Amino acid sequence: MAEPHYPFNEIEPKWQKFWDETGLFKVDEKNTKNKFYCLMMFPYPSASLHVGHGRNYIIGDVVARYKMMNGFNVLTPMGWDAFGLPAENAAIKGGLHPRISTLANITTMKKQLNRWGVGYDWAREVTSCLPDYYKWTQWIFLKLYEKGLAYKKKAAVNWCPSCNTVLANEQVISGKCERCDTDVTQRDLEQWFFKITAYAETLLKDIDKLTNWPERVKIMQRNWIGKSEGVEIDFKIADSNKILTCFTTRVDTIFGATYMVLAPEHSEVDDLIKGAVNEKEVRSFIQKAKNETMIERSATNAEKEGMFTGKYVINPVNGRKIPLWIANYVLMEYGTGAVMAVPAHDQRDFEFAKKYNLPIEVVIDNPKGKLNAALMKEAYIEDGVMVNSSQFDGLSNREAMGKIADWMEQKKIGKRSVNYRLRDWLISRQRYWGAPIPIIYCDKCGMVPVPEKDLPVLLPEDAEFRPHGESPLARSRSFMDVKCPKCRGKAKREPDTMDTFVDSSWYYLRYLSPKDDKKPFDREVVNKWLPVDQYIGGVEHAILHLLYSRFITKVLYDLKLIGFDEPFKNLFTQGMIVKDGAKMSKSKGNVVSPDILIDKYGSDTVRLYTLFIGPPEKDAEWSDRGVEGAYRFLGRIWRVAEQITNHPPSPKASADVRRSFNKGGHKFQLTSEASKKLRRKTHQTIKRVTEDIEQGFHFNTAISATMELVNEIYDAIQEAKEGLGDDPTLKEAIKTVAILLAPFVPHISEELWRKWGNKESIFKLKWPAYDKSLIIEEELELVIQINGRVRSKILVPKDSSELDVKEKVLIDEKIKQWIGDKPIKKFILVPDKLVNIVI
RNA sequence: GGGCGAGUGGUGGAAUGGCAUACACGAUGGACUUAAAAUCCAUUGGCCGCAAGGUCAUGAGGGUUCAACUCCCUCUUCGCCCACCA
């Protein structure tokens with residue numbers, strides 16, 4: 001290898017040690033003046049980090065260091081989302097105990113983070129798989145239980161036959177297991193749920209409070225909660241007293257309801273079909289529909305299938321008798337599990353009606369041309385004019401919606417209602433590597449929560465964690481057999497563990513008092529430090545983790561345990577780094593390891609390239625070539641700094657630097673013109689970098705702005721005469737470069753800063769302000785366009801009047817030629833920028 | 001099917017109504033060197049032209065405007081998220 005551009009391998013470990021020893025990132029939680037809580041999503045401790053992971057921590061580190069330099073008291077902690085499937089799966093395959101492999105991974109990752117130069121207040125480290133943490137996860141469970149927000153019910157759950165475990169709806173991706181891609185089936189099991197639906201409205205409404213969240217994350221959360229407003233309508237079953245209620249968002253189409261459909265699981269179905277002529281067929285149809293796996297039922301082009309029950313219901317608005325069907329496309333979990341079908345104005349109903357030859361009736365006409373039900377090829381779902389709807393005929397359907405709802409409420413045949421797509425959060429996992437649910441079952445006393453003083457419920461060491469379709473904990477007698485806390489009689493523990501999303505939904509509170517063994521967090525301290533000022537993480541957590549954290553925060557707020565109801569004030573979601581067009585993964589063999597790159601180029605280079613690769617919120621393609629470019633840039637800074645600042649170059653400096661120093665040619669004197677120009681560029685760069693960081697983390701353009709400044713320093717030196725001493729303008733420029741880049745490339749900046757004779761860390765420095773008077777250009781280049789095309793350019797003094805400009809423009813040779821003798825129709829001046837002449 | 005985002009040189013990208021292609025990578029040439037590497041300097045969107053210069057280009061087509069990568073409409077390709085939600 002060629003001689004290094006600069007001795008990164010010496011300076012980087014030195015400064016990492018220095019920051020650690022001087023406690024640069026240590027925070028006293030009692031000092032909340034100018035506090036800034038900078039939080040990165042804590043990682044799952046997998047084998048090792050790649051450069052894609054690095055982006056998150058590097059961005060966070062830049063924010064932390066930048067805020068530090070702006071006088072903030074920055075809290076930047078790190079921890080480990082350490083429970084979870086991969087470690088357990090590895091253990092099942094015959095590897096180490098999950099605790100051992102997880103803790104080993106944590107050690108490795110910590111080293112990697114340190115090598116990246118990413119700083120944390122490590123005294124606050126939390127690890128969710130250790131009892132001193134999960135004790136409090138269990139405590140939070142108990143709080144929800146006391147409030148009636150944690151409950152158990154038998155539920156059809158998603159079951160992964162391969163992982164042998166239950167999956168949350170969120171972990172089922174188009175009918176397949178999120179982790180192993182196996183088709184998901186259904187099972188009925190007793191499961192623990194958190195009643196997140198009780199907070200659906202608040203979670204939705206308060207999205208508006210999250211002003212500094214990416215719009216798309218907010219949209220995803222809104223869609224996930226999925227509020228829809230409509231009307232619940234009662235349909236009487238013909239020749240019976242029974243009533244079936246359905247939910248619709250399109251009450252304006254009620255007069256066009258020509259049949260009704262129930263979900264196969266609907267509770268009334270059994271009764272309804274009893275004794276029907278085709279009872280047998282209907283029963284077998286229902287059985288088939290129930291057996292359909294998630295994938296069959298949710299496939300895009302799933303065939304809509306149904307069967308007539310033999311029964312009829314009465315449409316309450318017009319007394320019409322309409323047939324009652326059962327169909328696989330109606331979901332029991334949403335609304336009431338019963339749907340009024342309006343084939344003319346709903347595409348699914350339309351397809352179903354065509355297939356089974358059910359009547360189609362138009363009740364909303366297309367203003368652009370009359371609809372004919374017999375000729376329609378698809379449902380008309382647009383707005384239009386009400387027809388065949390008795391007293392509502394002639395109204396626009398939008399208007400009719402409200403009027404029909406009013407009328408139905410008045411007549412007591414329907415009432416306004418709201419539905420959410422959000423389901424309760426299923427937290428039970430039949431797994432070993434998670435926090436045990438702190439519940440005891442006693443034959444006498446029933447379900448008994450573990451008393452707070454008995455927490456934590458420890459994971460047993462003797463569990464055999466191979467899945468058998470029940471929790472591995474169920475096979476540990478030492479764990480299961482327990483005395484009832486109430487009657488001291490024989491009792492059994494709950495063998496299930498909690499979803500790891502529970503662990504990660506409150507960790508940001510624990511960082512403020514990570515060692516406290518009396519309580520999960522300190523109310524007073526937490527209220528001062530939270531909400532988090534800047535949260536940074538991957539967009540893949542846009543829905544689940546962020547929604548669950550918001551939910552838990554709101555519950556704790558309602559319990560008066562904390563004084564704020566949203567955990568994260570500002571959110572930044574960084575894009576993924578891909579290689580060869582694909583997400584980095586071991587199986588694809590496209591993982592770029594930071595360790596090799598840091599050995600070769602140093603961590604400042606890896607950091608700089610990671611930040612320069614593109615806008616941080618967007619996905620980016622990794623290029624090893626680009627890394628070299630970043631490396632060269634740092635070398636350029638190092639060399640020019642050695643030349644300008646008149647310090648003996650290091651023995652490793654390039655040959656020409658050493659030679660020039662020995663010849664005494666390292667001193668430069670700028671002409672006053674050049675000096676003025678460079679000072680202007682220096683201050684313009686301060687402005688640009690500051691604004692780029694402040695206004696949306698545009699690190700890539702902040703770096704290119706500094707590159708421009710460095711290029712200009714090189715230009716200035718080229719033109720400079722050898723002089724008597726250091727040129728103050730050159731010194732100011734190179735110092736500015738070091739300071740502006742300090743958050744991005746902290747080691748080299750710190751080293752240069754020290755070399756220039758400063759005793760304190762560069763991060764104790766105040767972020768520079770630019771001098772407004774210096775960035776003004778007195779003379780500007782004005783672009784002259786003819787009919788919108790650039791034809792010439794002239795120099796004019798700043799703030800020239802239109803008259804002065806016009807005079808100058810019209811005597812310009814090129815412009816004279818272009819205009820010729822054609823009359824000028826318009827003369828547009830954008831002050832200090834451009835002129836457009838229309839001829 | 002719905003929602004969101006994107007499409008700019010050989011490549012990553014910059015410009016959010018005002019000089020399209022900043023900055024970087026790559027490439028080419030030069031200086032230095034016995035040589036190479038490194039470094040420094042120069043050139044680098046296409047086409048026409050010796051040149052001055054002209055002309056065409058921001059996925060395609062249309063519109064608004066003195067002026068459009070930027071705003072509006074239609075279409076198209078790709079990515080992500082959701083998806084039989086009544």
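Since we're looking at a predicted model, the values are computed, not measured. Sequence lines set the chain letters: A, B, ... in the order given, protein chains first and strands last, and positions in each chain run from 1.
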(request) Answer yes or no: does a side-chain N or O of R791(A) lie under 4.0 Å from OP1 or OP2 of rU55(B)? (result) yes
(message) Between E215(A) and K218(A) (salt bridge meaning N to carboxylate O under 4.0 Å), is one present in this structure?
(response) yes
(request) Please state how far atom CG in D252(A) lies from atom P in rA86(B), giving the value in whole angstrom units. (result) 13 Å
(message) Please classify the nucleic acid contact of E628(A) as base, sugar-phosphate, or nothing, using heavy-atom distances under 4.0 Å.
(response) nothing
(request) Would you mind checking if E802(A) and K806(A) are paired as a salt bridge, meaning a charged N to carboxylate O distance below 4.0 Å? (result) no
(request) Could you tell me whether the side chains of T197(A) and D424(A) share a donor-acceptor contact shorter than 3.5 Å? (result) yes
(message) Just by distance, no angles: are the side chains of N9(A) and Y601(A) close enough, under 3.5 Å, to form a donor-acceptor pair?
(response) no
(message) I want to check one thing: is the phosphate of rC40(B), taken as OP1 and OP2, less than 4.0 Å away from some side-chain N or O of R639(A)?
(response) yes
(message) If I take atom CG in residue L709(A) and atom P in nucleotide rA22(B), what distance separates them, rounded to the nearest angstrom?
(response) 18 Å
(request) Return the nearest nucleotide to the side chain of N711(A); candidates are rC23(B), rC82(B), rC25(B). (result) rC23(B)
(request) Starting from the 5' end of RNA chain B, give me the residue, K826(A) or V790(A), whose nearest nucleotide shows up first. (result) V790(A)
(message) What's F633(A) touching, base or sugar-phosphate or nothing? Going by heavy atoms closer than 4.0 Å.
(response) nothing
(message) My understanding is that only residues two or more places apart in sequence, or in another chain, count here; which of them pass ring pair (Phe, Tyr, Trp, His ring centres under 6.0 Å) with Y714(A)?
(response) none
(request) Round to the nearest Å and state the distance from R421(A) atom CZ to rC81(B) atom P. (result) 16 Å
(message) Rounded to whole Å, how long is the line connecting atom CD of E351(A) with atom P of rA86(B)?
(response) 16 Å
(request) Looking at every strand, decide which applies to S623(A) at a 4.0 Å heavy-atom threshold: base, sugar-phosphate, or nothing. (result) nothing
Expected rows: protein N/O vs nucleotides 5-14 of chain B N/O, under 3.5 Å:
| from | atom 1 | to | atom 2 | distance (Å) |
| --- | --- | --- | --- | --- |
| rG12(B) | O2' | I613(A) | O | 2.9 |
| rA14(B) | OP1 | N700(A) | ND2 | 3.0 |

(message) Below the 4.0 Å mark, does rC56(B) have OP1 or OP2 next to a side-chain nitrogen or oxygen of R789(A)?
(response) yes
(message) OP1 or OP2 of rC40(B) versus the side-chain N and O atoms of Y714(A): is any pair under 4.0 Å?
(response) yes
(request) Look at the side chain of K833(A) against the base of rC19(B) and say whether a donor-acceptor pair falls under 3.5 Å; ignore hydrogens and angles. (result) no
(request) Output yes when at least one side-chain N/O atom of N836(A) is less than 4.0 Å from OP1 or OP2 of rC19(B), else no. (result) no
(message) Under 4.0 Å, counting only non-hydrogen atoms across every strand here, what does K825(A) touch: a base, just sugar-phosphate, or nothing?
(response) nothing
(message) Just confirming the chi classification of rG79(B), syn or anti, using 90° around 0 as the syn window.
(response) anti
(message) Does either side chain, that of R636(A) or that of N711(A), offer a donor lying less than 3.5 Å from an acceptor on the other one?
(response) yes
(request) Could you tell me how the ring of Y631(A) sits relative to the ring of Y6(A): parallel (under 30°), tilted (30 to 60°) or perpendicular (over 60°)? (result) tilted
(request) For D346(A), report the nucleic acid contact type (base, sugar-phosphate, nothing); a contact means any heavy atom under 4.0 Å. (result) nothing
(request) Decide, yes or no, whether a salt bridge links D346(A) with R250(A) under the criterion of side-chain N to carboxylate O below 4.0 Å. (result) no
(message) Do the side chains of E232(A) and R416(A) get close enough for a salt bridge, i.e. N-O under 4.0 angstrom?
(response) no
(message) Mind checking if G629(A) touches a base, just sugar-phosphate, or nothing, with heavy atoms under 4.0 Å?
(response) sugar-phosphate
(message) Let me spell it out: for each of A630(A) and M220(A), pick the nucleotide of RNA chain B with the closest heavy atom. Which residue's pick is nearer the 5' end?
(response) A630(A)
(request) Give one of base, sugar-phosphate or nothing for V830(A), where a contact means two heavy atoms less than 4.0 Å apart. (result) base
(request) Nearest whole angstrom, please: distance from the P of rC40(B) to the CD1 of I637(A). (result) 12 Å
(request) Round to the nearest Å and state the distance from L544(A) atom CG to rC80(B) atom P. (result) 18 Å
(message) Once you apply a heavy-atom cut-off of 4.0 Å, does I828(A) come out as touching a base, just sugar-phosphate, or nothing?
(response) base
(message) Regarding E781(A), tell me which of base, sugar-phosphate or nothing describes its non-hydrogen contacts under 4.0 Å with the strands shown.
(response) base
(message) Working to the nearest 0.5 angstrom, can you tell me the gap between M576(A) CE and E540(A) CD?
(response) 8.0 Å
(message) Would you measure the distance from the C1' atom in rA35(B) across to the matching atom in rA20(B) and give it in whole Å?
(response) 43 Å
(message) Nearest to the R632(A) side chain among rU39(B), rC84(B), rG18(B), which nucleotide is it?
(response) rU39(B)
(request) State plainly whether the residues E621(A) and K579(A) are in salt-bridge range, i.e. N to O under 4.0 Å. (result) no
(message) If the cut-off is 4.0 Å, is R625(A) near the phosphate of rA24(B), judged by side-chain N/O to OP1 or OP2?
(response) no
(message) Using a heavy-atom cut-off of 4.0 Å across all strands, would you classify D349(A) as base, sugar-phosphate, or nothing?
(response) nothing
(message) Rounding to an integer number of Å, can you tell me how far I225(A) CD1 sits from rG3(B) C1'?
(response) 15 Å
(request) Examine rA24(B): is either OP1 or OP2 under 4.0 Å from a nitrogen or oxygen in the side chain of R636(A)? Give yes or no. (result) no
(message) So K793(A) and L782(A), do their side chains get closer than 4.5 Å, heavy atoms only?
(response) no
(message) By nearest atom, which of the nucleotides rC4(B), rC82(B), rA86(B) is closest to the I543(A) side chain?
(response) rC82(B)
(message) Starting the side chain at C-beta, find the nucleotide from rC84(B), rA22(B), rG18(B) nearest to L834(A).
(response) rG18(B)
(request) Could you provide the dot-bracket string of RNA chain B, using ( ) for intrastrand pairs, [ ] for crossing pairs and | for bases paired to another strand, with Watson-Crick or G-U pairs below 3.5 Å? (result) (((((((..(((.....[....)))((((((.......))))))((((....))))..(((((..]....))))))))))))....
